[in-house]
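Below is one structure, written out as structure tokens; the observations come after it.
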Amino acid sequence: MASTQTTATDPVCGMTVDLAESRHSEHEGQSYYFCSAGCQKKFEADPAGVLATFAAKQAAKTAGESGNAGEKQSTQNTKHSCCGGSSTKPRNQAPSSLVSLSPNTSTSSSTAIYTCPMHPEIEQVGPGDCPICGMDLEPKFVNAADEGDDEQYTDMKRRFWIGTALSVPLLLIAMGPMVGLPVHDWISGTTMGWLQLVLATPIVLWCGWPLLVRGAKSFRSMNLNMFSLIAVGTLAAYLFSLVVVLLPGLIPAAFFENGMPPLYFEASAVIITLVLLGQVLELRARQQTGGAIRELMQLTPETATRITEDGEEEVGLDAVHKGDRLRVRPGEKVPVDGRVVSGSSSIDESMLTGEPIPVEKSEGDDITGGTLNQTGALVMEAVGVGGDTVLSRIVQMVADAQRSRAPIQKLADVVARYFVPAVIVCSIVAFIGWAMFGPEPQLAHAFVAAVAVLIIACPCALGLATPMSVMVGVGRGAKEGVLIKNAEVLEVMEKVDTIVVDKTGTLTQGRPEVTTIETFGQWSESDVLTLAAAVETQSEHPLAQAVVRRAKADKLTLAEATDFTSTTGGGVRGIVNEHGVLIGKAELLAEQDITGIDAGREKAGSHQAEGATVVFVAIDHSLAAILAISDPIKDSTPAALKTLHELGLKVVMLTGDAEPTAKAVAAKLGIDEFHAGVSPEDKHDFVRKLKESGKTVAMCGDGINDAPALAEANVGIAMGTGTGVAIESAGVTLVGGDLRGVAAASNLSRKTMSNIRQNLFFAFIYNALGIPVAAGLLYPFFGVLLSPMIAAAAMSFSSVSVIANALRLRAAKLA
């Protein structure tokens, strides 16, 4: 679509600007446009450097978004920019610009993309704070490392401890007389004022500077948040006290207490210190929620042994490229995803599948980065490196889910949108009420009440309620091998009442074995197996592989089959040693007028009643044998189904197997409902009908063959080892491929959503009760007027209580 360009991207801050209204400069014959004089000045001071940095930002953004291809297309718009202006941009914009950049309060040169955990539409290069809520941003992509978060945590902790060291003597000086300390005997009134000013000024103007800056930004962009209230409250107390010390004659007599104007330095200083404590605790808690991600990232070794023409060399993982040959010695971890080129060994895949039994690997087998090589030496070819490994995709999936927003968050967002303006109005009303009707000194009481209302009503607990629970809950699930795609899935999973499962690989081990061979006519077991396995060698079907494994186990010599053909859902045929061999369902053989089928059906019934799948083998147009093939039920399946039933969930089994086989498995496991002979299309239609009947459905499949049903279900659950297709096609991925993971996912969603509701209740009740108390509700009855310092302590406690409640999820029992 051709159109005249009306906007451009500011190369300094990344904001989208209007060409007609923006400033511009020329460099090497090209025009560049800027949102403000400040950005223009930075550009003109070093054009080449600015353009090089911006190019790096674009590359980082493009690399990050390519790793998230396949996610639902978001068209969330943002009105927040680095200069408090407005821009409207789709979130998944092409890399011609970076999305919704906000001011970077850090001087870091990092090109990592940072985002807000509560407002994921806000993104910028490098650490900083959110222009909507003021929260510290965190890395969007896990491979960006955690340096930014560590820097923020260290900086806030330093400011808090310095603030604490200065607040203690300030409190002793200001509050000492109230507890009987003869402070006035030691220090005169004038000296006391100056001493308090000296102690309070570093706390307010240095320790609290980040808080005041965020408050100023919120007023400039009119995105009022908790920092708006903190900035107004603390600056009001500090500036009033400053006037008292410097120009006491300007203070009205209505403020005087005991013939002197009051000082509130200690209130502003302690409020700042307590808010810094809340910030330190919040940053620390957010670091703890990333524990699951850090544990996953530590599974891979730091180096790999690469085989070159000149020998072997040890290189960092970032230097490993696709196609490189790597040596993995016994006891070493597999560095990247790859394929075994030579050697054989047993691989401990418990970190990925949860299964403690090592898996034998030999030439041609796939191996996964992070798994442990136990017994033998291997040479592997790197297939997936960097962000393309299974482990990297899992890590990024967990990180994305931790930042996602549950639909219930909308409630908090709506409240927060109107809350801060309402609090400011309440503060003004409280001031007017006390000034008109309060006891002497009226203005002093009015001022204290107004500041207390501003401080106690900070909505930080409300903002933290949902994202903290989501972050902790998703991390807890990751430790159990339950990977949640986003918070919306977590919320929907709680409402699921019907679980639809496949049989093979979900309820059973997915590795069927030939258990019985019954022959007809003159054919022996070995003859039938030799001919059947020769044909089945060319098939990828699990039942075909079972026949081939049995032939290899019996050490039979297989000839090569010719004229091989396959009938989808029916069977296979071929010619072996001049014998025509047809293998498949009884219906397929009947269509080809094979003789002796009725005798085979009679024999097949007893095997099917025990849960076996029966395959018919015809040789030269006559039934030669039936093969009973069983897929053993996983040891964990009965206990998992019991847990699902205890949770009140209905379990429905859909399988392509014959009716008798499906019935036997369903009866043995206590399945509520089953349907046999179901195709992938039938599974999709069945799930759709369940939804139309009012059920909330979770579908369990392998994420590939069952993709239509997974997409149709309210929640798709991919069973298996977390392949790329499975991760992209389902809302939940169970890394271990174990049905216990379904019960764990259900428990996780219920516990997390319950935790969110508890947090929201605490936050709402706290503010509903705190504001009237701060405004002076208790004064007529008990003569108590809440101090701003007590209000600040209460506000910080509310945030801490929400964080502590969310962290309880780390110890939640899921299965």
Side-chain angles (χ1 to χ4, degrees), residues 170-171 174-175 177-179 189 193 196 200 204 215 219 224 226-272 274-275 418-459 765-798:
L170 178 59
L171 271 176
M175 309 298 291
M178 298 183 183
V179 294
Q196 290 188 44
V204 175
F219 282 105
L224 303 183
M226 63 172 283
F227 297 101
S228 312
L229 303 180
I230 292 168
V232 171
T234 55
L235 284 178
Y238 176 79
L239 293 176
F240 176 85
S241 303
L242 185 65
V243 173
V244 169
V245 173
L246 300 180
L247 303 166
L250 297 180
I251 304 299
F255 275 101
F256 284 27
E257 292 180 355
N258 300 320
M260 295 178 61
L263 294 173
Y264 299 107
F265 283 124
E266 83 287 351
S268 60
V270 172
I271 289 169
I272 289 290
L274 289 170
V275 174
Y418 302 102
F419 184 74
V420 175
V423 169
I424 294 175
V425 171
C426 289
S427 176
I428 294 172
V429 170
F431 183 89
I432 295 173
W434 278 91
M436 293 179 62
F437 308 109
E440 295 292 341
Q442 290 174 304
L443 291 183
H445 283 103
F447 185 78
V448 169
V451 172
V453 168
L454 289 174
I455 298 303
I456 202 170
C458 285
I765 290 299
Y766 163 79
N767 283 299
L769 297 178
I771 293 175
V773 171
L777 179 65
L778 300 180
Y779 190 85
F781 307 102
F782 306 103
V784 175
L785 181 60
L786 195 65
S787 164
M789 289 187 296
I790 303 300
M795 180 271 294
S796 297
F797 175 77
S798 71

Task: L170 versus E266, closest heavy-atom pair with distance - done: CD2-CA, 3.8 Å
- [ ] Determine the minimum heavy-atom distance between L242 and F265, stating which atoms define it.
- [x] N-CZ, 3.7 Å
Task: side-chain contact (heavy atoms from CB on, under 4.5 Å) partners of P439, counting only residues at least two apart - done: W434, H445, Y779
Open item on the list: For a quick test of reading the model, state the closest non-hydrogen atom pair linking L769 to P772 and the distance between them.
Closed with: O-CD, 3.3 Å
List the atom pairs, with distances to 0.1 Å, where a side-chain N or O of residues 425-432 and a protein N or O form a donor-acceptor pair under 3.5 Å, not counting sequence neighbours.
residue	atom	partner	partner atom	Å
S427	OG	A450	O	2.9

Task: Over all atoms of both residues, closest heavy-atom pair of V204 and S268 - done: CG2-OG, 3.8 Å
- [ ] State, to 0.1 Å, how close A435 and L443 come at their nearest heavy-atom pair, and which atoms those are.
- [x] CB-CD2, 3.9 Å
